[in-house]
Chemist: 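Would you mind keeping the following structure in view while I ask a few things?
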Amino acid sequence: MDSRSHTPVTAALRLCLHALLTGLLALVAVRAVGEGAPHAGAVVALTLVTAGVYGAGALAGRPGPAGAGVRAGAGARAGAEARATSVRQRASMRPGTRAAALWLAALCALWLGLLVLSPDALWVAFPLYFLQLHLLPTRWGVPAVVVTAAAAITSFVVHRQEIAPGAFIGPLLGAAVAIATVLGYDALFRESERRRELIVELVATRAELAEAERTAGTLAERERLAREIHDTLAQGLSSIQLLLRAAERTLPGDAPAAAHVRAAREAAQANLAEARSFVRALTPPDLEHGSLAAALERLCARTTGPDLTVRFAVSGTPVELPTPYEVALLRTAQSALANTVRHARAGRAEITLSFMDTSVALDVVDDGRGFDPSGAPVAERGDGGFGLPAMRSRAATLGGTLSVESAPGQGTALAVTLPVAAPAEERAA
């Protein structure tokens, strides 16, 4: 494995593993020579071969630090996806992993040879524990550690010709520590990966929320400007145009002021058309490509899902409504359906747009769990929605009313009514 993929901690563990194995092999050789063992030359030669095989594998990047290697390196490179790929590769014993297993098998075979020649070789079992747990899948690594501990105990008993508690406790305790260390590190690594993924997700969500807030603010400002232009400039220019038209009718055709009145009326008419174009340009996107009824029908289609069916109906003869009326009714429908989806647990909802002689009404009815209208409004319960007070305020701004009928377990019916009875001059505006 490329050492550049390791963090400083895992790189330090990796070096410690190298130092431990090298030091124990040197200890075996030194004790064999110093004590004049019968097979001292063979022990030294086998120790050098073992060190050479291990060094070749280390330079090739096979061994890793205390069970952390492949998974930690994968996490440093590409997070959870790379880690999962690495685990799958280890489980399936792909070519690179098979080579590592063969390298480990060669080390273990050389170590068994040392065990036969020298009792001191049993201490080399401890770094082998970590290598086995790192290079082999858990279901194979743990049994390999158990077999290695058994071989070390057997070697001690055979060479010393005695059974001592330390001969059993030492290798078994070392195996337990190695298993606990590797599995614990692996659990900590998975937890850190989950936290890293959560942080990435939170950052992405924060960016999406910021974008949504900017979009919502832009749309709200567009609505406000459209309403202000319609209610002030457009209405004022329309009134000026009507007054000038009335004055033009009362003036004789040859009056000197008639031409000026006509020019003023035409200028007011041109500016009124320009103001109306501004209002249309600032209209919410849902109203840009069709009527209010079409926008409500699209809203119902978007909201319909596996758990909720939303239907739309029109009652009466549709008439052209002022842009503020259409915006208010559309926003009310959007907010009501949002509350239905989030809170009502309804299976069916229906929106009805009714055109009457003196008013236009929007009814939103669902068969959900309902609520107590005298209690806290939806917006005050922390859902972040439009809220009944805001819907009621929007309706009141246009001279309308909002009524809510609901009870726990009996669904909810919301109705907003806006007056459309007005002089012909104002309706023309």
Side-chain angles (χ1 to χ4, degrees), residues 212 215-228 230-231 279 282-304 308 310-316 318-344 346 348-356 358-368 370-371 373 376-381 383-406 411-420:
T215 302
T218 301
L219 293 176
E221 184 64 14
R222 287 176 56 169
E223 291 179 26
R224 187 189 69 81
L225 290 175
R227 185 167 57 249
E228 293 296 331
H230 180 274
D231 294 343
V279 172
L282 295 172
T283 300
D286 286 332
L287 295 174
E288 290 179 353
H289 306 291
S291 63
L292 172 63
L296 291 174
E297 189 170 5
R298 289 193 297 271
L299 173 64
C300 293
R302 289 197 305 267
T303 309
T304 296
L308 177 64
V310 185
R311 301 185 182 277
F312 173 69
V314 178
S315 175
V319 297
E320 184 177 355
L321 297 174
T323 298
Y325 278 46
E326 293 185 337
V327 172
L329 294 174
L330 177 61
R331 294 305 187 213
T332 300
Q334 290 173 333
S335 178
L337 280 184
N339 288 337
T340 298
V341 171
R342 295 173 185 170
H343 306 290
R348 182 168 51 87
E350 184 172 347
I351 295 181
T352 304
L353 181 63
S354 303
F355 293 92
M356 295 166 281
T358 60
S359 61
V360 59
L362 178 75
D363 298 281
V364 183
V365 181
D366 66 63
D367 62 353
F371 67 99
V378 174
E380 296 175 5
R381 294 201 300 265
D383 71 329
F386 193 90
L388 292 177
M391 285 189 274
R392 186 172 285 110
S393 175
R394 186 186 287 275
T397 301
L398 299 175
T401 59
L402 177 75
S403 62
V404 180
E405 296 181 4
S406 182
T412 302
L414 180 148
V416 58
T417 304
L418 302 177
V420 295

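Heavy-atom basis, side chains included; hydrogens, waters and symmetry copies ignored.
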Chemist: If you compare all heavy atoms of A415 against all heavy atoms of D363, which two are closest, and at what distance to 0.1 Å?
Modeler: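 Smallest heavy-atom distance, with atoms named: CB-OD1, 3.1 Å.
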Chemist: Taking all non-hydrogen atoms of both residues, which atom of S406 and which atom of T412 are closest, and how far apart?
Modeler: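 Residues S406 and T412, closest heavy atoms: OG-OG1, 3.0 Å.
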Chemist: Roughly how far, to the nearest 0.5 Å, is CD1 of I351 from CZ of R311?
Modeler: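 Answer rounded to 0.5 Å: 13.0 Å.
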Chemist: Please find the pair of heavy atoms, one from E326 and one from L292, that lie closest to each other, and give the distance.
Modeler: O-CD1, 3.6 Å
Chemist: Are the side chain of T304 and the backbone of C300 linked by a donor-acceptor contact shorter than 3.5 Å?
Modeler: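 It does hold such a pair.
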Chemist: Tell me, do F312 and L299 make a side-chain contact under 4.5 Å, heavy atoms counted?
Modeler: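 They are not in side-chain contact.
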Chemist: Could you tell me whether the side chain of L296 reaches within less than 4.5 Å of the side chain of L362, counting heavy atoms only?
Modeler: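 In contact.
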Chemist: For V416 and A395, which heavy atoms make the closest approach, and how far apart are they?
Modeler: CG2-CB, 3.7 Å
Chemist: Identify the two heavy atoms, one from S315 and one from T352, that lie closest to each other, and give their separation to 0.1 Å.
Modeler: CB-CG2, 4.4 Å
Chemist: Report the distance from atom CG of L329 to atom CG of L418, rounding to the nearest 0.5 Å.
Modeler: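 Nearest 0.5 Å value for the CG-CG distance: 5.0 Å.
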Chemist: Quick check: do L414 and L388 have side-chain heavy atoms less than 4.5 Å from each other?
Modeler: yes
Chemist: What's the separation between atom NE2 in H343 and atom CG in D366, rounded to the nearest 0.5 Å?
Modeler: 11.5 Å
Chemist: If you round to the nearest 0.5 Å, how far is OG1 of T417 from CG of L398?
Modeler: 12.5 Å
Chemist: Restricting to non-hydrogen atoms, name the atom on L308 and the atom on A349 that form the minimum distance, rounded to 0.1 Å.
Modeler: CD1-N, 4.1 Å
Chemist: Could you tell me whether the side chain of T340 reaches within less than 4.5 Å of the side chain of V310, counting heavy atoms only?
Modeler: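 Heavy-atom side-chain distance check fails, nothing below 4.5 Å.
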Chemist: Can you tell me how far the CZ atom of R392 sits from the OG1 atom of T401, to the nearest 0.5 Å?
Modeler: 9.5 Å
Chemist: Hey, does L402 have a side-chain heavy atom less than 4.5 Å from the side chain of R394?
Modeler: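 They are not in contact (no side-chain heavy atoms under 4.5 Å apart), so the answer is no.
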Chemist: Report yes if the side chains of V404 and M391 come closer than 4.5 Å at any heavy-atom pair, otherwise no.
Modeler: no
